[in-house]
Amino acid sequence: MGTTAIVSAILTLLAGIGIFLVACQMMSSNLESASSEKLKSLFARASRSKLLGVGIGTVGTAAIQSSGATTVMTIGFVNAGIITLTQAATIIFGANIGTTVTAQIVALGMFGSNALSTTVIFSAFAGIGAMIALFAESSAGKTWGGILTGFGMLFVGLSLMSGSMEEFAALEGVKTFLAKISNPLLLVLIGAVLTAIIQSSSVMTSIALAMCVTGLISLDQGIFLTMGSNIGSCVVAIIAGVTSGTNAKRTALIHLLFNCSGVAVFLTVGWLMMILSRNTYSFGSLFDHMFPGAPQTQLAMFHTFFNVITVMFMLPLTGALVGLVTKMVKESDSADEGRLRLRFVDNNMLQTPPIAVQQSKREILRMAGLSMENFDRSINIITSLDFTERDVFDATEQEINYINRALVDFVVKLSDRRGLGGHDKLYLSTVYRTVRDVERIGDYAENIVEYADALAAAGDKFSDEALYEISQLKILVHTLYDKVVAAYARESLTDLEEANVIEEQIDDFTKRMEDSHIARLGKGICNANTGAQYMELSSNTERIADHLINVAKTIRSIQPA
């Protein structure tokens, strides 16, 4: 084989890796879109038990064909305080099992020699899926077309990788070089480094499968490379964890320690097996006996066996593992760490757009809750002229303003992601105005506190009649808020209609407040200054009600036609 052939084989390998990676991404994003509602409900159950957490991680990863996406999403959930470290650990355990599905699919595609190859059959799905996606009118049709296209491209990439391996296998120098790499630790290291570079354990495992099938490496070498790929796959989680909070860093460390522990146990067992059998038995020989004549199945089954046994070994030690990482990664000494941050979303969740949309709604509802807390504080301050909560008020207003900016930035990034369904896209288009409406509630509460400053500076205060009317107005606003939250959270048109009725009652009540104020002025019960602050309070509260109803009204634009 000449230099040109060698270069051609290398370029073919790179082409195969590229197509394989694109196929994985295409399948993952379209599967997420197709199963978005199921994913949402699936991960909502993560807190029930350890075994359920493992099951969720397994099924979720198998569904979206990406352990990296599952792990990064889990880190996002921990960072947002949605799940505990223990729950996150069990989901990550399950993700390691779910990722073996890809290897099993790839192994299945490698059968067929004299007859029509399954690789060719499965590759044809790329063309079928592309035509479906091209001609389909519905978004669901385009999504499933994308899934089939990604599935077919998976085997196109595999075919190119296998073809390049066959060319390398014809080189005696290459085979002699690879034969010398028999040290298990070195092979594990190679597998880890290559996976970290590629950032896909599925690609590394598929390359190892192709090398085994073509005889380029032995089954034992493929096993050690695959074990190393499990360690290398932690790089994605580590990158996600480093840029997040303390618990996110701990979750990434759990992932690394879990995979390293599994590799350490299997290396030890494999070493003892070789010693006790005097080099007769190894993991390779055992799986060769169990699945004779099918090296692709042998390696794929070992990959599954390795991850299942590691989970069985580590699951009872989950508590100890969580305790260890908690000690290794200390809480920050800064008292303000994490105060100004989004609690339910972070950039890690961009890996799973459907769930990120759901969490964005939770973040908006949290922001609305903070705005209403400040509304309550503002009413308490102006009615009592007690300013002891002023610092808390100012800190909350600062947090509301931060959420306003940070959430809009997040939604801009989220809107550009693939894998969003039609409903989610419509919802995201309403978020910008909704966040602005909620932020304005905080601004009007800030105005009310300024009116309290004016009263205190003049030595004035509201009359008992005015205080009673303000208390009744506050009750009405809270009744409206409860209905708005119900309408927005459940997308309920019934709750929206009830909220509209309450908002009209607030309009009528503020008009009556104006009439009462004029009557009190005529009787000399209040002066011009208190009257001015009272009318401003009434006007600003009525505008708060307007912004609340605006939030609820957005659900009309996302209702099915």
Side-chain angles (χ1 to χ4, degrees), residues 12 15-42 59-70 73 98-112 115-163 200 202-203 206 209 350-358 414-429 558-561:
T12 302
I17 292 173
I19 292 173
F20 197 96
L21 282 170
V22 170
C24 287
Q25 177 60 37
M26 183 178 292
M27 283 186 64
S28 177
S29 61
N30 282 286
L31 282 166
E32 285 172 29
S33 180
S35 58
S36 59
E37 292 303 320
K38 293 180 181 178
L39 279 174
K40 291 176 184 177
S41 60
L42 188 67
V59 174
T61 303
I64 63 177
Q65 286 291 292
S66 175
S67 62
T70 301
M73 177 175 56
T99 194
T100 64
V101 172
T102 304
Q104 295 289 355
I105 292 173
V106 169
L108 180 64
M110 287 185 169
F111 283 98
L116 187 61
S117 170
T118 49
T119 300
V120 175
I121 296 173
F122 289 150
S123 296
F125 280 95
I128 295 172
M131 286 188 285
I132 292 175
L134 181 63
F135 296 107
E137 295 183 358
S138 66
S139 59
K142 292 182 182 297
T143 296
W144 283 104
I147 292 170
L148 289 176
T149 302
F151 182 77
M153 286 175 62
L154 204 72
F155 292 96
V156 173
L158 177 64
S159 177
L160 289 172
M161 287 191 287
S162 298
S200 173
S202 295
V203 172
S206 299
L209 281 165
L350 294 173
Q351 298 285 338
T352 49
I355 295 178
V357 171
Q358 180 189 41
L414 179 57
S415 300
D416 291 334
R417 306 291 290 192
R418 296 185 59 189
L420 289 170
H423 177 274
D424 287 343
K425 290 178 180 177
L426 284 174
Y427 171 74
L428 289 179
S429 69
I558 55 178
Q559 294 295 312

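The residues of the chain are indexed from 1 along the displayed sequence.
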If you compare all heavy atoms of [X] against all heavy atoms of [Y], which two are closest, and at what distance to 0.1 Å?
X	Y	result
T149	A130	OG1-N, 2.9 Å
L414	A356	CD1-CB, 3.8 Å
A136	G141	CB-C, 3.7 Å
M153	I19	O-CG2, 3.4 Å
G146	A133	N-CB, 4.3 Å

Quick one: list whatever passes ring pair (Phe, Tyr, Trp, His ring centres under 6.0 Å) with Y427, sequence neighbours left out. none
Distance, nearest 0.5 Å, that separates NZ of K142 from CG of L134: 7.0 Å
